[in-house]
Colleague: 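Structure below; questions to follow.
In what follows, chains are A, B, ... by sequence order, proteins preceding strands, each numbered from 1. Because the structure is predicted, anything quoted here is derived from the model rather than measured.
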Amino acid sequence: MDRGNKLVMKVVRFGDFLVLLLILASSLFSLSYLFGKKGSTAVIQTPDSVYEYPLSKDAVYEVKGEIGITRVEVKDGRVRIIDSPCPNKTCVNQSWGTVLVCLPNQIIVTTEESGGFDAIAE
Amino acid sequence: MNTFMSLRSYGANAEKGNKAAEEEILRIEKLISATDPDSTVYKINNSDNEVTLQEDLVFLLNYSIDRCFETDFAFNTFLYPVTKRWGFTTGNYTVPSAQEISELLPLCNWEEGKDQLNKLSSGKAIDFGAVGKGFAGDKAIEVLKQNGVTSALLDLGGNIQLLGSKPDGTDFKIGLKNPRGGEVPVAISLSDCAVITSGGYERYFTADDGNSYIHIFDGRTGYPVKTNILSTTIISKKGLEGDFLSTTSFILGKEWLTDYWNSHNRSFDFVILYEDNSITYSQGLTGRINLLQEFSWTEVIN
């Protein structure tokens, strides 16, 4: 009985998490679509800061999130999260992508075309 | 200012600075709005009494009067009676007759003398529409500095004003609006300056006669500017200067701007986009400017 309840809880939680992730990812995707499709910069948002790294340079970056350090790898113009302090490692399992999210550590990784402008004069 | 505004400041003093800068912009608007019945300019325009002028207003009025005379009133701060007749102040657009314009034009000048800034003859009116945003932006940047902010980006209705560089020390990347709509044609890497664009695409109406009339007027004729220029962009230290120069170069063209640039120590830079899909820019932008589309030809002014 207990076991069954727990299982249901877990399924619901994971579902919630998925929905949240999907909403976030789709809004981020439309954002990144607005700014361009050809990724040339990795943008890493943390609770404190936003970091931008060129996708042209292979490197591993460490950023501080809500619960610890997330390691992000840039290689061959792509980006992935290779280590995270979060319990379920969903972000690590996403592997390469244009929108990577780690909710527990509050890290969001996106890619932007070099045409990502700070502002438009008009 | 019935316009979009966004202010992005970085660092520990960002929140405090933003709040103060926002208040400063609203304060300036209360001085210079031509439509707010409580503003000082409204009172000057709509009453025969002498009005007490604030220091900022005296400065802006003096600056504008000087620019009017410098450009033989092609740049005209006193054109309100004419632009109002065209409907650009209300949105009820009409094409006035040539006679109406020639009757209104004599009101659109300044003969009052600098000691009489606070009263205008009946029927005359001040309109800071061309330079008000740039001036307000300068004041906001000053306030940010006073509050210890060293890095900020202010977008005041498309006027971009930069304080310092980005927090990581790199330049801000500013795109120029495509006058025809669509992809950004030009990107410029910049810090600590104002980027001000004027273009006929911003506001215009199409009349029953089938012609389009834009919101930028030649202050000498009382008619909207007709030009092969799509937009002019000025990169300058101050937003006020950028506002004046972008508007005036849109009216008077490349030759005038180049002369002005040469006679003012090349202390600013510029980009002009033309109808034939060509582009002109000043040499100071070399290495900072990035052309993102095919232009029919490119001219770099040395």
Side-chain angles (χ1 to χ4, degrees), chain A residues 27-66 69-74 77 79 81 98-100 105-122, chain B residues 3-4 6-8 10-11 133 137 151-162 165-168 170-179 181 183-191 193-199 201-203 230-235 239 242-243 246 271 273 290 292-293:
Chain A
S27 62
L28 272 168
F29 180 77
S30 47
L31 258 177
S32 65
Y33 186 81
L34 271 176
F35 287 108
K37 290 142 272 180
K38 289 174 284 175
S40 63
T41 310
V43 182
I44 307 176
Q45 296 183 51
T46 74
D48 302 316
S49 297
V50 179
Y51 302 92
E52 289 179 18
Y53 301 104
L55 285 179
S56 52
K57 194 181 145 206
D58 292 351
V60 174
Y61 303 102
E62 293 189 348
V63 294
K64 197 171 154 286
E66 191 59 33
I69 301 289
T70 294
R71 297 176 74 220
V72 179
E73 180 182 28
V74 171
V79 63
I81 293 174
T98 50
V99 182
L100 310 169
N105 207 22
Q106 295 185 24
I107 300 290
I108 302 170
V109 181
T110 52
T111 55
E112 268 185 14
E113 188 192 358
S114 51
F117 302 102
D118 293 305
I120 303 293
E122 57 185 291
Chain B
T3 186
F4 164 82
S6 118
L7 180 50
R8 231 155 64 210
Y10 302 92
K133 274 192 296 182
S151 170
L153 186 155
L154 168 65
D155 180 344
L156 198 49
N159 274 14
I160 310 300
Q161 300 206 223
L162 309 173
S165 45
K166 287 212 267 189
D168 63 4
T170 61
D171 285 334
F172 289 100
K173 189 167 177 185
I174 307 303
L176 303 193
K177 167 106 168 178
N178 190 331
E183 303 262 310
V184 168
V186 176
I188 317 175
S189 298
L190 295 163
S191 61
C193 65
V195 190
I196 318 268
T197 297
S198 288
Y201 62 86
E202 290 168 286
R203 207 141 47 88
L230 290 177
S231 74
T232 52
T233 298
I234 304 292
I235 296 100
D243 244 350
S246 66
V271 181
L273 302 177
N290 199 357
L292 304 174
Q293 68 163 57

Colleague: Between B/V184 and chain A, with a heavy-atom cut-off of 4.5 Å, which part of the residue counts as in contact: side chain, backbone, both or neither?
Modeller: side chain
Colleague: Quiz question: by atom type and distance under 3.5 Å, do the side chains of B/T197 and B/T233 form a donor-acceptor pair?
Modeller: yes
Colleague: Answer with side chain, backbone, both or neither: which region of B/I174 has an atom nearer than 4.5 Å to a non-hydrogen atom of chain A?
Modeller: both
Colleague: With no hydrogens and no angle check, do the side chains of A/N105 and A/T70 hold a donor and an acceptor under 3.5 Å apart?
Modeller: yes
Colleague: Mind checking the CD1-OG1 spacing from A/I69 to A/T46? Nearest 0.5 Å is all I need.
Modeller: 10.0 Å
Colleague: Work out which heavy atom in B/L156 is nearest to a heavy atom in B/G137; give both atom names and the distance.
Modeller: CD2-N, 3.9 Å
Colleague: Which atoms of B/Y10 are under 4.5 Å from chain A, going by heavy atoms: the side chain, the backbone, both sets, or neither?
Modeller: neither
Colleague: Between chain A and each of B/I160, B/D168, B/N178, count heavy-atom pairs under 4.5 Å; write down the option with the most.
Modeller: B/I160
